[in-house]
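One structure below.
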Amino acid sequence: MNILAWIRSAFFQAAPDDTDASAFASAVKPISDPKFGDYQANGCMAVAKKRGANPREVAAEVVRKVDLSPWANEPEIAGPGFINIRLRDDRLAEYLVELSADDRLGIEPAERPKTVVIDYSSPNVAKPMHVGHVRSTVIGECLARIYETLGHHVIRDNHLGDWGAQFGMILWGWKNERDERAFDADPVRELARLYKLAQARIKPGETLSDRYKKVFEFEKEGKFAEAEALFAKLSADSKATRDEVDRVIAESRAIAEACRAETAKLHAGDPENRALWERFMPYCLGALQTIYDRLSVRFDVQLGESFYDSMLAETVEKLEKVGIARESEGAKVVFTRENGAPMIVQKSDGAFTYATTDLATLKYRYETWRPDLVLYVVDHRQSDHFKQLFAVAAAAGYGETDPRHVAFGTILGADKKPYKTRDGDVVGLESLLDEAVARARAVVDRNSPELSEEERGKVAEVVGLGAIKYADLSQNRLSDYVFDWDKMLAMNGNTGAYLQYAYARIQSIFRKGEIDVASLRRRVPAVALGSASERALAVAIVRLPETLELAANDLKPNVLTDYLFDLANRFSTFYDDCPVLKAEPENRDSRLALCDLTARILKLGLRVLGIETRDRM
Ligand code: ARG
């Protein structure tokens with residue numbers, strides 16, 4: 001049962017006539033300091049302001065009308081017009097008994113299940129995944145699990161970048177620089193080498209030409225003397241001759257052009273390029289799959305950009321037909337009011353764009369699944385793209401879907417720049433996961449020498465992977481965060497390991513007391529909430545359903561991590577205050593039930609975050 005939702009509906013009914021009842025109801029929030037109560041209604045101040053009345057009087061009017069008696073005590077008015085709500089202890093105690101016997105821990109399946117498509121991970125396949133892909137993969141998977149846990153129908157879609165410019169680079173590399181032996185030995189490694197090689201060959205010319213841009217402009221305008229003078233100044237330190245610079249730039253342009261031509265040929269159905277694509281793809285997908293398996297991520301569909309290729313021409317035609325797209329300097333573009341810049345759907349050379357593919361994708365998703373919600377878990381740098389995309393889709397009448405960009409910030413190194421290794425390469429994801437497990441292993445070896453070699457290995461795997469996931473999910477997703485091994489592997493503080501350890505600690509209580517939890521769940525008579533720390537823990541326990549709902553509505557996994565951290569802290573205070581195994585008989589089962597509920601919520605909550613638990617740590 002979602003108690004917050006229940007209280008909100010009571011406030012919806014009791015809302016003053018001169019206010020928006022649903023806004024008034026949503027101003028009811030859980031509060032974290034039990035001194036003031038468990039929930040607080042903050043809507044009266046706004047009503048009073050509008051009326052020019054005393055907010056405490058408005059609050060009094062609401063308190064007279066609202067009926068919370070099934071769950072809460074008489075509400076109290078506090079401060080400038082807050083209404084504080086405290087759950088009834090007797091009701092809480094009863095409800096905990098119900099929860100003990102409830103496999104779903106109070107989470108009721110949604111009355112009207114939504115169909116939710118989640119577009120996440122979605123890497124460009126030709127290059128190995130790096131640390132930047134962690135966020136989309138981990139956040140997307142977590143949102144999928146949150147929605148599923150609430151009883152919604154989720155479609156996980158890995159929108160692979162398997163058709164873009166990067167594939168042209170690989171094709172060019174293959175045709176000009178391949179090492180077949182290396183390919184036979186390790187195909188993905190060789191493809192990655194070719195990709196990097198093409199990129200490196202294109203780059204020097206690009207950076208050089210940027211530097212010499214003004215020189216070229218002078219030349220174009222016929223100002224040769226100025227061009228020469230500027231050139232001399234720019235080249236003074238590098239001793240480069242004019243010919244050398246020209247040669248580097250020309251070569252890089254030629255390679256860039258050749259790569260583009262390979263991409264164009266692939267799209268046009270050139271048999272050789274298609275055959276190479278078919279040959280390379282299974283290796284690229286295999287390498288990704290290794291990582292997904294390790295992260296326990298699985299997709300329902302992997303409809304990459306290539307899947308939509310055949311729909312692109314038609315997409316543009318339709319946009320033209322309904323008068324949304326038009327020609328501009330040879331290209332086909334859509335102007336939207338939301339964004340000053342036009343969205344190019346077909347370039348003047350006939351090529352379709354990333355945006356065209358996304359439009360076709362949006363339409364396909366709507367027609368195939370009729371989703372209520374489509375989430376795009378993609379880097380914040382693509383915000384403008386999605387704003388435009390959604391505006392164009394709405395203008396084109398692509399159904400009633402609610403598309404949302406779930407943006408996130410960048411993972412930074414200690415230097416506050418995007419996280420890189422010492423040699424300047426962006427850290428590969430696989431080696432990052434290995435390092436996490438190795439570091440966790442060192443911690444486990446130090447802390448738990450009593451565990452067997454095999455057990456320590458297993459603990460290290462779940463703690464290491466859990467640390468990376470938790471560090472990511474516990475951030476407000478919109479902010480950048482600093483990747484810090486020591487912090488994320490700490491046994492204390494807001495970390496995955498702390499929660500995993502809290503779970504294992506409860507299991508060890510059960511082992512020590514030889515408690516059979518199944519029979520405990522059946523026999524709990526009533527839960528006693530005599531001490532403040534028992535009550536505080538109980539209130540956290542009953543908040544699981546509303547927390548998942550809040551996390552789903554705000555699309556924020558950190559709402560869940562904050563909750564679990566708070567739960568673990570309350571448990572720790574309770575455990576310091578109250579003997580459990582040594583408690584008097586009338587309290588023992590009740591306290592064991594609190595332990596059991598806490599452990600079950602930790603396990604479920606961590607699983608929703610994509611993190612496993614171990615009974616011994
Ligand atoms: N492949 C893209 C990239 O790596 C992300 C794709 C996100 N999804 C989408 N429908 N545009 O930048």
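Order of appearance sets the numbers: ligands from 1, and atoms from 1 within every ligand.
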Atoms of ligand 1 less than 4.0 Å from V378 heavy atoms? 7 (C), 8 (N)
Ligand 1 atoms in contact with N124 (distance to a heavy atom under 4.0 Å): 1 (N), 2 (C), 3 (C), 4 (O)
Min side-chain heavy-atom separation K114-R112 under 4.5 Å: no
Looking at Y470 and T561, would you say the former's side chain and the latter's main chain have a donor-acceptor pair under 3.5 Å? yes
With rounding to the nearest 0.5 angstrom, report the CZ to CG distance, R178 to L197. 13.5 Å
Taking H130's backbone N and O only, do any of them form a donor-acceptor pair with H133's side chain (distance below 3.5 Å, no angle check)? yes
How far is atom 12 (O) of ligand 1 from the closest protein heavy atom, and which atom is that? Q382 NE2, 2.9 Å
Quick one: sort the F386 and Y376 rings into parallel, tilted or perpendicular, breaks at 30° and 60°. tilted
Hey, is F386 touching ligand 1 through its side chain, its backbone, both or neither, going by heavy atoms under 4.0 Å? side chain
H159: numbered ligand 1 atoms lying under 4.0 Å from its heavy atoms: 8 (N), 9 (C), 10 (N)
Within the structure, does D358 bring an N/O atom to less than 3.5 angstrom of an N/O atom in ligand 1? yes
If we only consider heavy atoms of H133, is any one of them less than 4.0 Å away from an atom in ligand 1? no
With W163, the side-chain contact (heavy atoms from CB on, under 4.5 Å) member among D309, T357, N124: D309
Indicate the atoms forming the closest heavy-atom contact of R145 with G610, along with that distance. NH1-CA, 3.5 Å
Judged on heavy-atom distance to atom 6 (C) of ligand 1, which of Y308, Y354, Y376 sits nearest? Y354
Got an N/O contact under 3.5 Å between H385 and ligand 1? no
Check each atom of ligand 1 against the heavy atoms of S122 and keep those under 4.0 Å away; list them by number with element. 1 (N), 2 (C), 4 (O), 5 (C), 6 (C), 7 (C)
Does the side chain of L602 come within less than 4.5 Å of L567's, by heavy atoms? yes
Closest to atom 8 (N) of ligand 1 (heavy atoms only, candidates T361, V377, D119, L362) is D119
